[in-house]
Amino acid sequence: MSVKDYKMKYPDENGKYGRFGGKFVPEILMPALQELEKSFNEIKDTNEFQAELKLLLRDFAGRPTPLYFAKNLSTKLGCKVYLKREDLLHGGAHKINNTLGQALLCKHMKKTRLIAETGAGQHGFATAIAGALLGMKTEVYMGREDIERQKHNVFRMKLLGAEIKPVDSGSKTLKDAINEALRDWITNLSSTYYLIGSVVGPHPYPLIVREFQKIIGKEIKVQIMEKEGRLPSAIIACVGGGSNAIGAFYEFIEDVSVELHAVEAAGKGKETKKHAISLGNDSKGVFHGAHTHLQQDRYGQIKTSYSISAGLDYPGVGPEHAFLKEIKRLRVGSVTDVEALNAFLELSRTEGIIPALEPSHALAYLFKIAVQEFREDDIVVVNLSGAGGKDLQIIKERLGGFDI
């Protein structure tokens, strides 16, 4: 399928990317989604909104982020490796691009309360930052399992005045936090704005999050042309829900010479039940309000996902990624916990950069394919979506022998 005019075509007026996406929600939520879509379309391109967001992204969040040539890593891998340093943003991850945008939208809609879900805690932390900045009451739903493995981010959210809402249902991880946040939103529609953290959920959320994250790819395109005078051979990003990935990919979808690689968490191994692979299988269905790829059993029940990385521990994926895979514009790979841990150590010791476990998956995938697929003059951009401070306790427990 041709991707010419892709940006003009998708999503369509029904919020669909081909057969994926849409709005599959209880009828009670439809007016809220319609209000959100109408407000977003009215506000997003106004001079006032764009000027306010641009100022916050530059002076508060720290954009543009550097596109760093990883010289030592390039020498080891035999190709030119660039890292898009989203880890250097305020809050330590790409999430703030979206939370600042949606919090401003909330402000313009005259809502007074922010709610959010979080897995690794980075989206919750970024929402707490935006809520504190704009003076909004903020509550963050987080699975009990993720609260235990991300105590660092939980503490930071509380410092910013956010209330943590523990979730004990299901697998006690991200999917269950989303379920509870949706229930809250249904109950408090008049006062509450649900700030979704990834390109998941019913339309218009995948569109809204993509629009606020696409600045990553816009910057990559300008920066790589300045540094190399040509587009990259490939862009690699990890995918759970997929916001950092669509942010890096979107500006290049119509540039067919640029390979787009989405990397999922294989956990204990694809052949086991302990993984978070959704794009990498052929199972499709409705999950959290959208038609997409997901993990489900033969009865249509959602399976429990697993990854050492809380941010990738999600049994579904954004509908636009599902569509990009279907039209063969996206290549999909996966990386195990062990491979991600090795990549974490490799980048730390080779370049002096400690990455989060999420982008460690993207790095590990590059390590797996570099020799076979890339030559010395190929340019590969890896989206370094987050910093590793939040994961140090996990690293210590899994690797041992470190006095952190």
Side-chain angles (χ1 to χ4, degrees), residues 5-17 20-61 63 94-117 123 126-127 129-131 133-138 181-182 184-218 243 246-247 250-251 288-290 318-320:
D5 300 325
Y6 178 94
K7 294 178 183 178
M8 298 291 293
K9 296 177 180 177
Y10 302 106
D12 65 17
E13 66 275 10
N14 297 312
K16 299 294 284 291
Y17 306 84
F20 300 106
K23 299 177 184 177
F24 297 87
V25 296
E27 191 170 340
I28 191 172
L29 266 183
M30 290 302 288
L33 291 172
Q34 290 165 354
E35 178 195 25
L36 177 60
E37 184 176 4
K38 181 174 182 291
S39 297
F40 177 68
N41 287 333
E42 289 175 349
I43 292 168
K44 68 181 177 71
D45 293 324
T46 63
N47 291 335
E48 178 188 1
F49 182 83
Q50 285 297 319
E52 192 172 5
L53 179 58
K54 183 178 180 180
L55 183 66
L56 287 177
L57 288 173
R58 186 191 71 195
D59 294 349
F60 184 72
R63 300 214 73 92
H94 69 291
K95 293 294 186 180
I96 200 164
N97 302 324
N98 172 52
T99 61
L100 286 176
Q102 286 202 61
L104 283 177
L105 179 58
C106 170
K107 174 184 167 184
H108 282 271
M109 292 175 69
K110 303 192 184 316
K111 307 285 185 179
T112 58
R113 175 175 175 255
L114 285 175
I115 61 170
E117 84 297 325
H123 172 60
T127 302
I129 290 171
L133 177 68
L134 298 177
M136 295 177 181
K137 182 179 181 182
T138 305
L182 283 168
D184 183 321
W185 193 33
I186 289 172
T187 308
N188 301 285
L189 291 175
S190 61
S191 64
T192 299
Y193 184 99
Y194 178 19
L195 205 165
I196 282 184
S198 195
V199 284
V200 299
H203 180 70
Y205 277 114
L207 168 63
I208 290 174
V209 178
R210 183 194 77 191
E211 288 299 291
F212 290 136
Q213 290 293 359
K214 70 181 184 183
I215 191 171
I216 301 171
K218 280 181 173 291
S243 65
I246 204 67
Y250 185 69
E251 196 64 23
H288 287 146
E320 189 161 13

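Since the structure is predicted, the reported quantities are computational estimates derived from the model, not experimental observations.
With values rounded to the nearest 0.5 angstrom, Y250 atom OH is found 3.5 Å from R210 atom CZ. A distance of 9.0 Å separates OG1 in T187 from CD1 in I115, rounded to the nearest 0.5 Å. With rounding to the nearest 0.5 angstrom, the CG atom of L53 is 8.5 Å from the CG atom of N97. Between the OG atom in S243 and the CD1 atom in I196 there is a gap of 11.5 Å [rounded to 0.5 Å]. Note: L100 CG to F60 CZ = 6.5 Å, rounded to the nearest 0.5 Å. If you take CG on L195 and OG1 on T138, they are separated by 9.0 Å, rounding to the nearest 0.5 Å.
Residues K111 and M136 have side chains not in contact (no heavy-atom distance under 4.5 Å, counting atoms from C-beta outward). A heavy-atom distance below 4.5 Å is found between the side chains of Y193 and L105.
Heavy atoms from other residues, nucleotides or ligands lying under 6.0 Å from NZ of K7 number more than 12. Counting heavy atoms of neighbouring residues, nucleotides and ligands inside a 6.0 Å radius, atom NZ of K9 exceeds 12 of them. Within 6.0 Å of atom CG in D59, more than 12 heavy atoms from other residues, nucleotides or ligands are found, so the atom counts as buried in its surroundings.
With hydrogens and angles ignored, the 3.5 Å screen pairs no side-chain donor or acceptor of E251 with any backbone N or O of K214. Using a distance-only test at 3.5 Å, with no hydrogens or angles considered, a donor-acceptor pair links the side chain of D12 to the main chain of N14. Although no hydrogens or angles enter the test, the distance criterion places no donor-acceptor pair under 3.5 Å between the side chain of T127 and the main chain of A116. With T46 contributing its side chain and I43 its backbone, the two residues share a donor-acceptor pair below 3.5 Å. Remark: the backbone N or O of Y17 is not paired with any side-chain donor or acceptor of E320 at under 3.5 angstrom.
Legend: residues meeting side-chain contact (heavy atoms from CB on, under 4.5 Å) with Q50, ordered by chain and number and at least two apart, are absent. With sequence neighbours excluded, the residues that form a side-chain contact (heavy atoms from CB on, under 4.5 Å) with A290 are P319. Applying the side-chain contact (heavy atoms from CB on, under 4.5 Å) criterion to K44, with sequence neighbours excluded, gives F40, N41. With sequence neighbours excluded, the residues forming a ring pair (Phe, Tyr, Trp, His ring centres under 6.0 Å) with Y6 are Y10, listed by chain and number. Residues satisfying the salt bridge (Lys or Arg N to Asp or Glu O under 4.0 Å) test with K137, not counting sequence neighbours, are E139.
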List the steps and the verdict of side chain to side chain contact (heavy atoms under 4.5 Å, CB included) for T99 and I129. CA-CA 8 Å; T99 61; I129 290 171; 6.0 Å; no
Show your reasoning for whether side chain to side chain contact (heavy atoms under 4.5 Å, CB included) applies to V200 and E117. CA-CA 12 Å; V200 299; E117 84 297 325; 6.0 Å; no
Might you work through the side chain to side chain donor-acceptor pair (under 3.5 Å) test for H108 and S39, ending with a clear yes or no? CA-CA 8 Å; H108 282 271; S39 297; over 6 Å; no
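Between A103 and L134 the shortest heavy-atom distance is CB-CD1, 3.6 Å. Taking both residues in full, the closest heavy atoms of A61 and I96 are given as CB-CG2, 3.9 Å, listed atom of the first, atom of the second, then distance. The nearest pair of heavy atoms linking H203 to P11 is CE1-CG, 4.2 Å. The two residues W185 and T192 have their closest heavy-atom pair at NE1-O, 3.3 Å.
Between F49 and F212, the angle of the ring planes lies from 30° to 60°, which puts this pair in the tilted group.
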Solution key, residues 23-31 side-chain donor-acceptor pairs under 3.5 Å, sequence neighbours excluded:
| unit_1 | atom_1 | unit_2 | atom_2 | d |
| --- | --- | --- | --- | --- |
| K23 | NZ | E37 | OE1 | 3.2 |

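If you check the side chains of S198 and H123, you find no donor sitting under 3.5 Å from an acceptor. Between the side chains of N98 and Q213, no donor N or O sits under 3.5 Å from an acceptor N or O.
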